[in-house]
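One structure below.
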Amino acid sequence: MRIASCPLLDNPLYEIRHLEESDANAWFEYVSDPDAMKLTSADVEDVEQLRKRIRRANSDEPGTLIHYAIGTRQDGRLIGTVGFHTITQADRSAEITYDLSPGFWGRGIATAACTAAVDWAFSHLDWLCIRAAVFERNLASIKVLERCGFAFEGIFRKYRMINGRYSDFRMYSRFR
Ligand SMILES: CC(C)(COP(=O)(O)OP(=O)(O)OC[C@H]1O[C@@H](n2cnc3c(N)ncnc32)[C@H](O)[C@@H]1OP(=O)(O)O)[C@@H](O)C(=O)NCCC(=O)NCCS
């Protein structure tokens with residue numbers, strides 16, 4: 001579901017912008033790297049899967065997916081993404097997702113992107129709650145969520161598959 005506005009990223013070098021189909025290769029480059037994604041349940045088989053996801057994110061149909069690129073301000077190159085899936089209008093809730101190319105880890109970009117996306121969602125959409133599910137060993141992502149004001153709700157055991165094993169996830173939520 002494409003919405004005209006984008007979350008505002010408080011960073012001089014990077015911005016949050018709409019995803020374009022031409023971003024698919026740069027995105028695939030790191031989400032297909034098993035080492036980069038080893039603490040996530042991401043399971044992207046080919047670049048076409050990402051193109052389809054971008055088309056869904058850009059469709060005018062109200063749907064269940066909102067997804068943005070994090071790109072350099074200088075040349076627009078995609079270095080990450082942030083968005084929402086499992087959007088449930090009846091419950092006014094959604095789940096946040098984000099990923100970054102490993103070369104850009106550890107600079108506070110995910111914390112800034114998560115903060116911007118949550119602030120944007122609560123001011124543009126009538127959601128009550130944004131949730132996050134994070135593999136219990138993904139300490140960087142746990143830190144991002146806690147710094148973005150998400151509260152720990154508990155553990156869902158064997159919630160999603162990581163590297164072929166059903167794994168325990170920490171559940172977080174933030175209310176408007
Ligand atoms: C999780 C991810 C988005 C974090 O991005 P990032 O831009 O590096 O995050 P930030 O820099 O905003 O914050 C990460 C914090 O975790 C810390 N951290 C990183 N690895 C850590 C580890 N193994 N143990 C403890 N803390 C860790 C960093 O030092 C940083 O804290 P600091 O700012 O106090 O130094 C990135 O690692 C990523 O894309 N991973 C793959 C996809 C993924 O896991 N997505 C989330 C799924 S729930």
Side-chain angles (χ1 to χ4, degrees), residues 1-11 14-20 23 27 31 37 39-44 49-71 78 80-100 108-162 165-176:
M1 165 169 56
R2 184 163 172 134
I3 296 174
S5 69
C6 292
L8 276 179
L9 189 64
D10 183 16
N11 188 295
Y14 310 104
E15 64 179 349
I16 296 176
R17 58 167 176 77
H18 288 108
L19 274 164
E20 305 299 339
D23 289 318
W27 193 7
V31 293
M37 303 307 280
L39 301 177
T40 79
S41 56
D43 187 15
V44 179
Q49 214 176 315
L50 294 179
R51 284 200 196 98
K52 274 192 196 142
R53 195 175 172 89
I54 293 170
R55 283 198 288 273
R56 266 180 69 205
N58 283 335
S59 122
D60 289 331
E61 303 275 317
T64 55
L65 178 75
I66 295 174
H67 216 130
Y68 292 103
I70 305 169
L78 178 142
T81 74
V82 62
F84 301 97
H85 60 88
T86 321
I87 298 169
T88 312
Q89 301 297 354
D91 300 331
R92 296 170 60 201
S93 70
E95 190 176 317
I96 193 161
T97 179
Y98 42 77
D99 50 54
L100 271 189
I109 300 171
T111 300
C114 179
T115 303
V118 168
D119 289 350
W120 172 87
F122 282 142
S123 62
H124 286 75
L125 304 165
D126 70 343
W127 294 347
L128 188 61
C129 179
I130 297 173
R131 299 200 168 84
V134 53
F135 176 40
E136 61 177 0
R137 286 176 39 216
N138 193 342
L139 302 181
S141 186
I142 288 169
K143 195 157 185 185
V144 168
L145 292 170
E146 290 178 346
R147 282 200 293 217
C148 287
F150 280 76
F152 176 57
E153 299 283 8
I155 303 222
F156 276 14
R157 289 175 295 159
K158 303 197 187 306
Y159 183 56
R160 284 179 184 154
M161 187 82 92
I162 305 250
R165 296 181 60 171
Y166 288 107
S167 303
D168 295 350
F169 274 63
R170 290 168 69 91
M171 303 302 295
Y172 285 83
S173 61
R174 195 176 137 183
F175 286 80
R176 73 184 296 122

### Task
Assess whether side-chain contact (heavy atoms from CB on, under 4.5 Å) is satisfied between L8 and I16, documenting all intermediate values.
CA-CA 6 Å; L8 276 179; I16 296 176; over 6 Å; no

#### Entry: Check: Y68 and I70 side chains under 4.5 Å, non-hydrogen atoms
no

### Message
Between R56 and T64, is there a side-chain donor-acceptor contact under 3.5 Å, judged purely by atom types and distance?
### Response
yes

### Query
Which pair of heavy atoms, one from C148 and one from C114, lies closest together, and at what distance?
SG-SG, 3.1 Å

### Query
Looking at A117 and I96, what are the two nearest heavy atoms and their distance?
CB-CD1, 4.3 Å

### Query
Between R160 and D168, is there a salt bridge with N-O shorter than 4.0 Å?
no

### Message
Under the criterion side-chain contact (heavy atoms from CB on, under 4.5 Å), I'd like the reasoning laid out for I54 against E20: C-alpha separation, chi angles, the key distance, then a yes or no.
### Response
CA-CA 7 Å; I54 293 170; E20 305 299 339; 5.7 Å; no

#### Entry: R147 side chain to T111 side chain, donor-acceptor N/O pair below 3.5 angstrom
yes

### Query
From F156 CZ over to M171 CE, what is the distance, rounded to the nearest 0.5 angstrom?
4.5 Å

### Query
Does R170 reach the main-chain N or O of F135 with its side chain, forming a donor-acceptor pair under 3.5 Å?
no

### Query
When rounded to the nearest 0.5 angstrom, what is the spacing between CD1 in I162 and CG in D43?
11.0 Å

### Task
Report yes if some heavy atom in the side chain of V44 is under 4.5 Å from a heavy atom in the side chain of W27; otherwise report no.
no

### Task
Determine yes or no for a side-chain-to-main-chain donor-acceptor pair under 3.5 angstrom, with T40 supplying the side chain and M37 the backbone.
yes

### Query
Do Y159 and S41 meet the criterion of a side-chain donor-acceptor pair at a distance under 3.5 Å?
no

### Summary
Heavy-atom closest pair (R176 atom, F122 atom, distance to 0.1 Å) is NH2-O, 2.9 Å

### Message
Are I66 and L125 packed together at the side-chain level, in the sense that at least one heavy-atom pair is separated by less than 4.5 angstrom?
### Response
yes

### Task
Check the angle between the aromatic planes of F84 and W127 and answer parallel, tilted or perpendicular using the 30° and 60° thresholds.
perpendicular

### Query
Among R131, E146, E153, which residue meets the side-chain hydrogen bond (donor to acceptor under 3.5 Å, both in side chains) test with Y172?
E146

### Task
Compare every heavy atom of S173 with every heavy atom of C129, then report the nearest pair and how far apart it is.
SG-CB, 3.8 Å

### Task
Answer whether the closest heavy-atom distance between the side chains of E136 and I155 falls below 4.5 Å.
yes

### Task
Could you tell me whether a side-chain N or O of T115 sits under 3.5 Å from a main-chain N or O of A113, the two making a donor and an acceptor?
no

### Task
Work out which heavy atom in A94 is nearest to a heavy atom in I87; give both atom names and the distance.
CB-CG1, 3.8 Å

### Query
Can you check whether A116's main-chain N or O pairs, donor with acceptor, with D119's side chain at less than 3.5 Å?
no

### Query
Hey, does I142 have a side-chain heavy atom less than 4.5 Å from the side chain of F152?
no

### Query
Which value, rounded to the nearest 0.5 Å, describes the distance between Y14 atom OH and L100 atom CG?
9.5 Å

#### Entry: Pair H67-T81, side-chain donor/acceptor within less than 3.5 Å
yes

#### Entry: For the student: nearest non-hydrogen atoms of L39 and N138, plus distance
O-ND2, 3.4 Å

### Message
Whether the side chain of R2 engages the backbone of S59 through a donor-acceptor N/O pair (distance < 3.5 Å, no angle test) should be reported.
### Response
no

### Query
Is a side-chain N or O of T88 found less than 3.5 angstrom from the main chain of A90, in a donor-acceptor match?
no

### Task
Please examine the side chains of M1 and L65, heavy atoms only from C-beta on, and report whether any two atoms are closer than 4.5 Å.
no

### Query
Which residues pass the side-chain hydrogen bond (donor to acceptor under 3.5 Å, both in side chains) test with S123, sequence neighbours left out?
none

### Query
Got a second to check how far R137's CZ is from S167's OG, nearest 0.5 Å?
8.5 Å

### Member of R17, R55, R51 meeting the salt bridge (Lys or Arg N to Asp or Glu O under 4.0 Å) criterion with D23
R17

### Worked verdict on L78 versus L19 for side-chain contact (heavy atoms from CB on, under 4.5 Å)
CA-CA 9 Å; L78 178 142; L19 274 164; 3.7 Å; yes

### Message
Can you tell me if Y166 has over 12 outside heavy atoms packed within less than 6.0 Å of its OH?
### Response
no

### Query
Using a distance-only test with no angle check, is there a side-chain donor-acceptor pair under 3.5 angstrom linking W120 and S5?
yes

### Query
In terms of heavy-atom contacts, does CG of D126 have more than 12 from other residues, nucleotides or ligands at under 6.0 Å?
yes

